Trainee: 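Next up is a structure, given as structure tokens.
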Amino acid sequence: AQKVTQAQTEISVVEKEDVTLDCVYETRDTTYYLFWYKQPPSGELVFLIRRNSFDEQNEISGRYSWNFQKSTSSFNFTITASQVVDSAVYFCALSGSNSGNTPLVFGKGTRLSVIA
Amino acid sequence: GAGVSQSPRYKVAKRGQDVALRCDPISGHVSLFWYQQALGQGPEFLTYFQNEAQLDKSGLPSDRFFAERPEGSVSTLKIQRTQQEDSAVYLCASSLPRDYGEQFFGPGTRLTVL
């Protein structure tokens, strides 16, 4: 069975600090996808990134970066120089080999509060 | 183009009432998913459609939950004889059924059962 664990329930940081959100996953599939979504107070899930299991190259997008390590089954997310607008619940998710027609398995989320 | 829309955004029901939640997917998206998100939890899969065919309903928690997508576009999630434990946000997502298909989520319907 597939499982995603986000051990950090809540994190508070002061604006401009860096913060890393942890994600550990379990799957027996050899091909799978990993995702991060942001859920602001409005409630809508906002897609941030999708990563194929064969691509372990780290990715950076502006202040966001992702560290995928297959050896430890982890897909961690770092926000550099955090801002108040980053305050939200962040979910890590996992899907099977065809991400367009297989359900996503979500972690329980990490609530990030960025304080001005 | 328009994203996934859901209605109503909020629904309050008395225990025992039937409710119907609607999802309008992105035009042309063949795949449609329903998820249930309890307070403080991540979304959990309920059911999946490809066009009008319901290919997976393994996540539906009981036979009080029923989903349909008769013309392969709009979908309705119906809950009969609602119970307090049904209180949650119900999220709909649509996608193209292919590799690299990203699921686009609607704003959700928050159901409160009193």
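Not measured: the values here are computed from a predicted model.
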Trainee: Filter on side-chain hydrogen bond (donor to acceptor under 3.5 Å, both in side chains), then keep only pairs touching residues 68-77 of chain B, sequence neighbours left out; what's left?
Mentor: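 Non-adjacent pairs meeting side-chain hydrogen bond (donor to acceptor under 3.5 Å, both in side chains): B/Trp34-B/Ser75, B/Glu68-B/Lys78.
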Trainee: Please check if the number of heavy atoms outside A/Ile60 that lie under 6.0 Å from its CD1 is greater than 12.
Mentor: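 Counting neighbours around CD1 of A/Ile60, 12 or fewer heavy atoms of other residues, nucleotides or ligands fall under 6.0 Å, so no.
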Trainee: How close do B/Gln103 and A/Tyr37 get, heavy atom to heavy atom, and via which atoms?
Mentor: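 Shortest heavy-atom separation between B/Gln103 and A/Tyr37 comes out as O-OH, 3.2 Å.
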Trainee: Counting only heavy atoms not in B/Arg110 (residues, nucleotides, ligands), do more than 12 fall under 6.0 Å from its CZ?
Mentor: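 Result for CZ/B/Arg110: open.
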Trainee: Between atom CD of A/Glu44 and atom CD of B/Gln6, what is the distance when rounded to the nearest 0.5 Å?
Mentor: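 Here the interatomic distance stands at 8.5 Å.
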Trainee: Would you say B/Lys57 has more than 12 foreign heavy atoms packed within less than 6.0 Å of its NZ?
Mentor: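 Incorrect, the count does not exceed 12.
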Trainee: Is it the case that more than 12 heavy atoms not belonging to B/Arg15 sit under 6.0 Å from its CZ atom?
Mentor: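 Not more than 12 within 6.0 Å, no.
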Trainee: Is there a side-chain contact between B/Tyr48 and A/Thr102 in this structure, where contact means two heavy atoms from C-beta onward sitting under 4.5 Å apart?
Mentor: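 No. Closest side-chain heavy atoms not under 4.5 Å.
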Trainee: Checking B/Gln36 now: which residues fulfil side-chain hydrogen bond (donor to acceptor under 3.5 Å, both in side chains) with it, not counting sequence neighbours?
Mentor: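 Applying side-chain hydrogen bond (donor to acceptor under 3.5 Å, both in side chains) to B/Gln36 gives B/Tyr90.
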Trainee: At a 4.5 Å cut-off on heavy atoms, which part of A/Thr31 comes close to chain B: side chain, backbone, both, or neither?
Mentor: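 Neither part.
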Trainee: Using side-chain heavy atoms (C-beta onward) and a distance below 4.5 Å, is B/Gln37 in contact with A/Phe91?
Mentor: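 The answer is yes; the side chains approach within 4.5 Å.
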Trainee: Sort A/Gln39 into side chain, backbone, both or neither according to what part of it lies under 4.5 angstrom from a heavy atom of chain B.
Mentor: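 Only the side chain of A/Gln39 comes within 4.5 Å of chain B.
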Trainee: Which answer fits B/Leu55, side chain, backbone, both or neither, if we ask what part of it has an atom under 4.5 Å from a heavy atom of chain A?
Mentor: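 Contact with chain A: none, neither part.
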Trainee: Does NZ in A/Lys16 sit with more than 12 non-hydrogen atoms of other residues, nucleotides or ligands closer than 6.0 Å?
Mentor: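 Atom NZ in A/Lys16 is not packed in, count stays at 12 or less.
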Trainee: So do B/Pro43 and A/Leu104 actually touch side chain to side chain, heavy atoms under 4.5 Å?
Mentor: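 A/Leu104 does not reach B/Pro43 side chain to side chain.
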Trainee: Answer yes or no: is there a side-chain heavy-atom contact under 4.5 Å between B/Tyr35 and A/Phe106?
Mentor: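 The answer is yes; the side chains approach within 4.5 Å.
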